[in-house]
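In this chain, numbering begins with 1 at the start of the sequence shown.
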Amino acid sequence: MRKQVYSLLVDNNPGVLSRIAGLFSRRGYSIDSITSGTTTDTDFTRITVVATGDELILSQIEKQVRKLEEVREIKVLKDGESVFRELIMVKIRANAQQRAEVNSIADIFRAKIVDVEKESLIVELTGDQSKLEAFLNLLDGYEILELARTGITGLSRGKQGCYPPSENNES
């Protein structure tokens, strides 16, 4: 079993995310995370899907997604050839002394304190999964009240495979 990241460029139509998730559900494929957002061209949406499976399952996922009418492009994003990021927000119970300690940890990771209350604070951090896990491990002695993760999003490096081709891309 291995994890695979797929970057899909799809027509920006109502229900397209639901149809893609439904394809996974109908075939019994597991989605580890899914993110979605419009591109600079509002006619298209970029969807990043992370799935886990053996080689056969991952190959079938790619083939089945490619068949969907609204899918314009599908890329398998590989380590070293792509940039991956994830956002987490962590609400931590913290008194005045603990807030200073958490702020020091946040500074090390270039995280942001985005909300402070009398007994808690919220930290926002963006990075790859290993950075986020390292940050969470350092918070082990603190009470985490809530945690939200966006899931992985990513793009391939360079201008290879950009869709739709811009005037500056030589194909």
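- Thr38 and Asn12 share no donor-acceptor pair across their side chains, judged by distance under 3.5 Å alone.
- Using modelled atom types, one finds a donor on one side chain and an acceptor on the other under 3.5 Å when comparing Ser7 with Arg46.
- No side-chain donor from either of Gln60 and Tyr29 sits under 3.5 Å from a side-chain acceptor of the other.
- With hydrogens and angles left out, the side-chain atoms of Asp41 and Thr39 include no donor and acceptor closer than 3.5 Å.
- Here Leu8 contributes atom CG and Tyr6 contributes atom OH; the two are 9.5 Å apart, rounded to the nearest 0.5 Å.
- Side-chain polar atoms of Glu133 and Gln129 form no donor-acceptor pair below 3.5 angstrom.
- Here CD of Gln4 is found 5.5 Å from CG of Leu58. Values are rounded to the nearest 0.5 Å.
- A side chain to side chain contact (heavy atoms under 4.5 Å, CB included) with Ile105 is found for one member of Ile92, Leu138, Val123 and no other, namely Leu138.
- Val49 and Val5 fall into different hydrophobic clusters, where Ile, Leu, Val, Met, Phe, Trp and Tyr are joined by side-chain heavy atoms under 4.5 Å apart, directly or via other members.
- Side-chain atoms of Gln64 and Arg27 include a donor-acceptor pair closer than 3.5 Å.
- If you check the side chains of Lys75 and Ser156, you find a donor sitting under 3.5 Å from an acceptor.
- Membership of an apolar cluster is not assigned to Leu87, as no side-chain contact below 4.5 Å to another ILVMFWY residue is traced.
- Remark: Ile88 CD1 to Glu124 CD distance equals 10.0 Å, nearest 0.5 Å.
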